[in-house]
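This report concerns only the one structure given below.
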Amino acid sequence: MTFRDNCYNLLMQIPKGKVTTYKAIANKLGSKAYRAVGSAMKNNPNAPQVPCHRVVKSDGSIGEYAYGKNKKIKLLKDEGLSIKGGKIVDFTAVFYEF
DNA sequence: CTGTTGACTCCGG
DNA sequence: ACCGGAGCCAACA
């Protein structure tokens with residue numbers, strides 16, 4: 001098990017229509033490797049099995065995405081979320097806590 | 001083993 | 001609201 005695998009496991013727990021943050025993931029892993037989490041997503045050898053698009057920044061903004069953040073936004077919208085001005089609308093309501 | 005890098009976060013100006 | 005700097009940690013060269 002590597003740090004990355006743990007990230008993916010958590011990621012898969014996120015139900016459709018919900019999102020989480022890099023911070024939340026790191027925190028759940030008992031670490032503060034926010035950035036390492038991002039790197040793990042970037043690699044994402046398990047896509048699309050692992051919904052890395054459900055991970056956003058702590059302030060509710062989209063962040064980055066391997067296939068372009070625009071794509072990320074689209075995917076999230078397809079899952080029932082609303083994004084406005086690059087930020088998630090009603091972020092606290094769709095935030096998933098592990 | 002050391003150094004650099006990043007899909008980040010927090011805090012100050 | 002916007003920008004910059006410091007802190008964080010795993011992965012990779």
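Reckoned from all heavy atoms, side chains included, excluding hydrogens, waters and symmetry mates. Please read these numbers as outputs of a predicted model, since none were measured by experiment. Proteins come first, then strands; the chains are lettered A, B, ... in the order of their sequence lines, and each starts at number 1.
In this structure, CD of A/E64 is placed 6 Å from P of B/dC8, rounded to the nearest angstrom. Rounded to an integer number of Å, the gap from A/N44 CG to C/dA11 P is 15 Å. Rounded to whole Å, atom P of B/dC8 lies 10 Å from atom NZ of A/K69. Rounding to whole angstrom units, CG of residue A/L76 and C1' of B/dA7 are separated by 13 Å. Between the CG atom of A/L10 and the C1' atom of C/dA10 there is a distance of 16 Å, given to the nearest Å. Regarding A/L11, its CG atom lies at a distance of 16 Å from the P atom of B/dA7, rounded to whole Å. Following rounding to the nearest Å, A/I88 (CD1) and B/dA7 (P) show an atom-to-atom distance of 18 Å. When rounded to the nearest whole Å, the span between OH of A/Y34 and P of C/dC8 equals 9 Å.
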TODO: Give the intermediate values and the outcome of side-chain contact (heavy atoms from CB on, under 4.5 Å) for residues A/Y65 and A/N70.
DONE: CA-CA 8 Å; A/Y65 189 59; A/N70 202 284; over 6 Å; no

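Side-chain atoms of A/K57 lie closest to B/dC8 of the nucleotides B/dA7, B/dC8, B/dC10. Of the candidate nucleotides C/dC9, B/dG6, C/dA11, B/dG6 has the atom lying nearest to any side-chain atom of A/K42. Among C/dC9, C/dA11, B/dC8, the nucleotide with an atom closest to any side-chain atom of A/R35 is B/dC8. The side chain of A/Y65 approaches B/dA7 more closely than any other nucleotide in the set B/dG6, C/dA10, B/dA7. The listed nucleotides are C/dA11, B/dC10, C/dC9; the one nearest the side chain of A/K23 is B/dC10. With C/dA10, B/dA7, B/dC10 as the candidates, the nucleotide lying closest to the side chain of A/S58 is B/dC10.
A/Y22 comes within contact range of at least one nucleobase, with a heavy-atom separation under 4.0 Å. Here A/A36 lies in heavy-atom contact (under 4.0 Å) with a base. Across all strands shown, A/A66 has heavy atoms under 4.0 Å from base atoms, whether or not it also approaches the sugar-phosphate. Counting any heavy atom pair closer than 4.0 Å across all strands shown, A/K32 reaches sugar-phosphate atoms only and no base atom.
A/V55 and A/K72 make their closest contact through O-NZ, 2.6 Å (heavy atoms, listed as atom of the first residue, atom of the second, distance).
Applying the 6.0 Å contact sphere to NZ of A/K32 captures no more than 12 heavy atoms from other residues, nucleotides or ligands.
Put simply, A/I73 and A/Y67 are part of two different groups of oily side chains (I, L, V, M, F, W, Y) that touch within less than 4.5 Å, one to the next. Hydrophobic clustering (side-chain heavy atoms under 4.5 Å, transitive across Ile, Leu, Val, Met, Phe, Trp, Tyr) groups A/L10 together with A/V37.
Residue-to-nucleotide proximity on DNA chain C shows that, of A/N43 and A/S31, the 5′-proximal contact is made by A/S31.
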